[in-house]
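Here's the structure, in structure tokens; my notes come after.
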Amino acid sequence: MLHIVLTILKIPFILLAVLLLILLTVALLLLFVAVRYQASAEKTDKLTATARVTWLLHFLSVKVSYQAGKPQISVKVCGYTVVGEKKKKKRKRKPAPSEKEAEKATAPEAPHEMLQAPEEPEQKQPPEAESVQPPARPLSEDESAGQSFAEESVVPEAAPEKESGSSSKQEEISASPESFRMPDGEPAPKRKVRETPDTKSVRRQAKSGIFDRLRSFFENIKNSFRAFLEKIRNIRESFEKLKRKLEYYKKLWYDVHTQEALRHGKKELRYLFKHYFPRKIEGNVLFGLDDPAATGQLLGVLSILQVASGNHVIVEADFTKPMLEGDISLKGHIRACHLVKTAFSLLLDKHIRITIKRVRKMLNH
């Protein structure tokens, strides 16, 4: 009985051990199996470039290419295309039939002459119905007499008399005070218009409106001057804040912990560059610029690449005309274990931790 219980209890432990073994294997594969990369480019009339990344004996493969001005990407897992265009299988075409088989396959030709159907006679359209007016009915004697009486009774409207208009204008002119004269021939004296309380209030309102406008004008000038002074004060305060920040940055940069953190970071970057730099570089490059002086300066910079590649990349310059031709290829590999080692080394350094805390504090403020 105890033996059966122990065997039952062993099953979950065995499954857990298998799961841990699988996870450990995957972790070791990710850390120590290299990710290999290779790239090549060629420039003559047009630019063509390809780059490929593979992992675990082409279990995962990523290819990026640039041809005819169009970029393409394809991702394969275990040889099966996951992303990108799949290659279509070419079907075998059947051979073309011989002349005898073609003659047999063709049907007999149809006769050239076609029977024409008899033309149908054109149907004449009926002529448009003419507007026929009934003949006028002769009027009786009574109707004719009534019509003549109605015509005579119509009297044309009388035109407005010009004389009446002129007489009315004369009356108006005579009624005006300027044309009125005294019996001695002297004009009548003008009457003085008395001011009413309404006219006095209108005048007072006009005077008060002018004073209000002047007052508002001077107040606007005063407010604008105050706003200008406030802006000058704000600019001065902002300059003082910027000065304090620059002093803090300078103090942080020359601090002992910051300098030690920078020194350690440079060391780890050199370590990664040593392991991740391409192991093999080959190529030939011929270039030229518009300015011969600029061509010489760029040649001096690219000569560093020639030395770093072990003189496998030949760089030449053309000082007569601008141009760029050549080809280059490189290969290398990357292991994740070097990156993990660098990350742990940086996190365990106390100088880097102190510097990160100070930078966060600076950003929050």
Side-chain angles (χ1 to χ4, degrees), residues 14-97 268-287 302 305-306 308-315 323-347:
I14 292 169
L15 293 176
L16 183 61
V18 171
L19 182 61
L20 291 174
L21 184 62
I22 292 170
L23 292 175
L24 181 62
T25 305
V26 172
L28 292 174
L29 289 174
L30 291 173
L31 287 174
F32 296 101
V33 175
V35 177
R36 303 186 181 275
Y37 64 89
Q38 57 183 354
S40 63
E42 184 177 358
K43 173 69 170 63
T44 52
D45 295 334
K46 296 180 180 180
L47 176 64
T48 58
T50 57
R52 180 177 291 176
V53 178
T54 59
W55 179 70
L56 195 63
L57 299 174
H58 292 268
F59 175 79
L60 178 64
S61 176
V62 180
K63 182 180 179 182
V64 181
S65 61
Y66 181 83
Q67 294 179 356
K70 294 181 179 179
Q72 296 178 354
I73 184 170
S74 64
V75 180
K76 292 183 179 181
V77 178
C78 295
Y80 293 98
T81 304
V82 178
V83 178
E85 297 181 356
K86 297 180 180 180
K87 293 183 179 180
K88 297 181 179 179
K89 295 181 180 180
K90 295 182 179 180
R91 295 181 179 179
K92 294 182 179 180
R93 295 182 179 179
K94 295 181 179 180
E268 295 298 331
L269 285 176
R270 237 181 270 117
Y271 172 77
L272 292 177
F273 184 77
K274 179 182 177 181
H275 288 280
Y276 292 166
F277 192 77
R279 301 296 177 92
K280 185 178 180 182
I281 303 176
E282 293 179 353
N284 297 312
V285 179
L286 176 63
F287 73 96
L302 292 178
L305 177 63
Q306 184 173 350
S309 64
N311 294 324
H312 292 291
V313 178
I314 300 172
V315 182
M323 64 179 302
L324 178 61
E325 292 182 358
D327 61 313
I328 189 169
S329 62
L330 54 91
K331 293 181 181 179
H333 63 269
I334 298 171
R335 285 190 175 89
C337 59
H338 302 298
L339 187 62
V340 173
K341 182 256 178 189
T342 301
F344 273 107
S345 178
L346 292 174
L347 290 174

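Every value quoted in this text rests on a predicted model; they were computed, and no experiment measured them.
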Set of residues satisfying ring pair (Phe, Tyr, Trp, His ring centres under 6.0 Å) with respect to F273, sequence neighbours excluded: F277
Ring pair (Phe, Tyr, Trp, His ring centres under 6.0 Å) involving H338 - partner list, sequence neighbours excluded: Y271, H275
Criterion side chain to side chain contact (heavy atoms under 4.5 Å, CB included) on H312 and Q306, from CA distance to verdict: CA-CA 7 Å; H312 292 291; Q306 184 173 350; over 6 Å; no
Donor-acceptor contacts, no H, no angles, side chain residues 327-336, under 3.5 Å, sequence neighbours left out:
residue, atom, partner, partner atom, Å
H333, NE2, R279, NH2, 3.4
H333, NE2, R335, NH1, 3.3
R335, NE, F32, O, 3.1

Trace of the side chain to side chain contact (heavy atoms under 4.5 Å, CB included) decision for L20 with L24: CA-CA 6 Å; L20 291 174; L24 181 62; over 6 Å; no
Chi angles and distances behind the side chain to side chain contact (heavy atoms under 4.5 Å, CB included) call for V285, I314: CA-CA 6 Å; V285 179; I314 300 172; over 6 Å; no
Minimum side-chain heavy-atom gap L339-L272 below 4.5 Å: yes
Cut-off 3.5 Å, no hydrogens considered: what does the side-chain donor-acceptor table look like for residues 35-57, sequence neighbours left out?
residue, atom, partner, partner atom, Å
Y37, OH, Y276, O, 2.8
S40, OG, T50, OG1, 3.0

